[in-house]
Amino acid sequence: MSSTDTPSHNVAAYLSRYGKVGFEDFRRMAADASLSTWEKIGFPDSYRKGFEEHIFADIQHKLPALGGTQQVILDIGAGCSDLPRQLIAQCIAQQHRLVLLDSAEMLSLLPDGTGVEKVAARFPDCPPLLEDLHGRVNAILCYSVFQYVFAEGNIWSFLDASLALLAPGGSMLIGDVPNISRRKRFFASETGIAHHKQFTGRDEVPEVHFNRSEPGLIDDAVVLSVLGRCRAAGFDAFVVPQDSRLPMANRREDILITRP
Ligand SMILES: C[S@@+](CC[C@H](N)C(=O)[O-])C[C@H]1O[C@@H](n2cnc3c(N)ncnc32)[C@H](O)[C@@H]1O
């Protein structure tokens with residue numbers, strides 16, 4: 001696993017090709033036949049191949065509505081890998097209404113199914129959907145998406161619009177958040193240094209810089225502000241760890257929000 005995991009590093013191979021990665025770039029990547037399924041969503045294959053079953057199990061654990069029946073489920077930024085495919089299969093089996101939201105190019109790569117609706121839009125620029133789902137969604141999944149919203153958009157309008165969709169007792173998982181503060185803590189630790197040496201095969205200590213601005217990257221201040229914003233709006237909100245089997249569990253984390 002790379003020791004320099006940041007949003008920009010994860011997509012480094014594509015930055016050289018596309019310049020930067022945002023919603024429009026994902027749209028182009030989805031249509032690029034030379035990219036693998038995982039590369040289309042910005043990951044080197046090694047970051048996801050063989051891990052997505054564990055990721056989905058972790059998501060199911062955190063979003064119990066997925067195990068119920070006839071629930072309303074929304075996946076914001078579904079992508080096109082086996083992760084949304086597992087979600088689709090689960091939702092069909094449980095007779096849920098599943099709304100998948102992403103670009104048309106990304107959604108076209110996913111199968112259709114009973115109860116599955118595809119909405120081609122950039123959240124929250126989808127007024128009809130916001131109106132339709134207002135206060136009705138039992139589980140919102142937003143996995144490995146929030147960093148892109150942070151880098152190119154307004155996380156507060158994204159968050160406020162998401163919270164408005166939750167039904168009483170509903171939950172939102174903002175998953176796989178790359179928190180640069182947590183990454184720094186890890187790579188400044190003995191465990192992180194040993195991990196780095198093992199990964200690189202070199203006897204060198206990873207460079208970690210504290211007390212400097214990190215434009216475009218999510219840090220503790222952002223994560224904790226999200227909790228504060230949700231709680232002030234009447235929701236419970238927690239930072240929760242990822243299953244240790246997940247590829248970036250030592251430097252990414254999840255935010256779980258529930259409507260009481
Ligand atoms: C890194 S991929 C993650 C895909 C999937 N959630 C997963 O974890 O496998 C990010 C996805 O979010 C989508 N995306 C980014 N910003 C979005 C937004 N504001 N609304 C909807 N989708 C968005 C991109 O098109 C891309 O498919």
Side-chain angles (χ1 to χ4, degrees), residues 5-15 18 20-32 35-45 47-60 62-63 66 73-88 90 98-110 117-127 129-130 133 139-162 165 172-178 216 218 242-243 246-249 252 254-255:
D5 167 44
T6 66
S8 57
H9 180 74
N10 275 346
V11 292
Y14 322 111
L15 285 174
Y18 294 115
K20 84 175 186 61
V21 172
F23 185 79
E24 290 303 322
D25 306 288
F26 279 116
R27 186 198 291 280
R28 276 189 286 156
M29 287 152 68
D32 185 337
L35 298 178
S36 74
T37 296
W38 292 293
E39 288 170 335
K40 287 177 191 292
I41 57 166
F43 288 108
D45 290 0
Y47 278 55
R48 280 292 182 95
K49 198 172 182 180
F51 290 112
E52 291 193 330
E53 275 186 29
H54 296 314
I55 295 173
F56 188 59
D58 197 36
I59 290 170
Q60 284 181 290
K62 290 165 178 165
L63 292 176
L66 291 175
I73 312 294
L74 170 64
D75 186 357
I76 303 175
C80 61
S81 73
D82 288 342
L83 194 57
R85 286 167 198 276
Q86 291 175 85
L87 180 67
I88 290 168
Q90 168 83 3
L98 171 63
V99 180
L100 300 167
L101 198 132
D102 210 311
S103 65
E105 290 79 356
M106 203 60 90
L107 293 174
S108 71
L109 301 170
L110 291 176
E117 300 165 32
K118 295 177 178 175
V119 177
R122 175 185 187 143
F123 194 86
D125 304 335
C126 43
L129 186 76
L130 299 183
L133 295 183
I140 301 176
L141 177 61
C142 175
Y143 205 85
S144 217
V145 175
F146 204 59
Q147 58 268 39
Y148 301 105
V149 179
F150 178 79
E152 69 167 1
N154 180 337
I155 55 164
W156 305 119
S157 56
F158 185 96
L159 190 64
D160 294 344
S162 305
L165 303 182
M172 176 176 190
L173 183 67
I174 301 178
D176 209 30
V177 178
I218 293 173
Q242 298 186 334
D243 183 324
L246 269 56
M248 288 173 276
R252 292 196 174 195
D254 296 351
I255 298 173

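Each ligand, and each atom within it, is numbered from 1 in the order the structure gives.
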Go through the steps to decide whether Val21 and Phe26 satisfy the test side-chain contact (heavy atoms from CB on, under 4.5 Å), and finish with yes or no.
CA-CA 7 Å; Val21 172; Phe26 279 116; 3.5 Å; yes

Taking N or O atoms only and a 3.5 Å limit, does Ser103 qualify as a polar contact for ligand 1?
no

Are any of the N/O atoms in Phe123 less than 3.5 Å from those in ligand 1?
yes

Show me which atoms of ligand 1 lie under 4.0 Å from any heavy atom of Ser144.
1 (C), 2 (S), 3 (C), 8 (O), 10 (C)

I would like to know whether Ile174 and Leu159 meet side-chain contact (heavy atoms from CB on, under 4.5 Å); could you show each step before the answer?
CA-CA 10 Å; Ile174 301 178; Leu159 190 64; 3.8 Å; yes

Could you tell me which non-hydrogen atom of Gln90 sits nearest to which non-hydrogen atom of Leu66, and how far apart they are?
NE2-O, 2.9 Å

Under 4.0 Å from a heavy atom of Met106: give me the atoms of ligand 1 that qualify, with their elements.
27 (O)

Which of the ligand 1 atoms, numbered from 1, are nearer than 4.0 Å to a heavy atom of Ala78
4 (C), 5 (C), 6 (N)

Quick check: closest heavy atoms across Gly50 and His54, and the distance to 0.1 Å?
O-CD2, 4.1 Å

Quick note on ligand 1: atoms under 4.0 Å from a heavy atom of Ser81 include exactly 9 (O)

Of all the non-hydrogen atoms in the protein, which one sits nearest to atom 23 (C) of ligand 1, and at what distance?
Phe23 CD1, 3.5 Å

Shortest non-hydrogen separation from Ser36 to Asp45 and the atoms involved
OG-OD1, 2.5 Å

Atoms of ligand 1, numbered as shown, that sit under 4.0 Å from any heavy atom of Leu83
7 (C), 8 (O), 9 (O)

Out of Val145, Leu109, Leu101, Ile41, whose heavy atom sits nearest atom 1 (C) of ligand 1?
Ile41

Which ligand 1 atoms are under 4.0 Å away from a heavy-atom of Tyr148?
1 (C)

Those residues at least two apart in sequence (or on a different chain) that pass ring-ring contact (aromatic ring centres under 6.0 Å, His included) with Phe123 are Phe158

Would you mind listing which atoms of ligand 1 come within a distance below 4.0 Å of any non-hydrogen atom of Gly79?
4 (C), 27 (O)

Please say whether Gly77 places an N or O atom under 3.5 Å from an N or O atom belonging to ligand 1.
yes

Using a 4.0 Å heavy-atom threshold (strictly under), name the region of Arg122 that reaches ligand 1: side chain, backbone, both or neither.
both

Using distance alone, decide if ligand 1 has a nitrogen or oxygen within less than 3.5 Å of any nitrogen or oxygen in Asp75.
no

Looking at atom 25 (O) of ligand 1, what's its closest protein heavy atom, distance included?
Asp102 OD1, 2.6 Å

closest protein heavy atom to atom 9 (O) of ligand 1 is Arg48 NH1, 2.9 Å

Atom CD of Glu24 with >12 non-hydrogen neighbours under 6.0 angstrom
yes

Please identify each residue that fulfils side chain to side chain donor-acceptor pair (under 3.5 Å) with Glu52, with sequence neighbours left out.
Trp38, Arg48, Ser81

Leu110 and Gly79 have their tightest heavy-atom pair at CD1-O, 3.3 Å

At under 4.0 Å between heavy atoms, is it the side chain or the backbone of Phe26 that contacts ligand 1, or both, or neither?
side chain

What are the two closest non-hydrogen atoms of Ala30 and Leu109, and how far apart are they?
O-CD1, 3.7 Å

Please report the shortest heavy-atom distance between Ala104 and Arg27, naming the atom on each side.
N-NH1, 4.5 Å

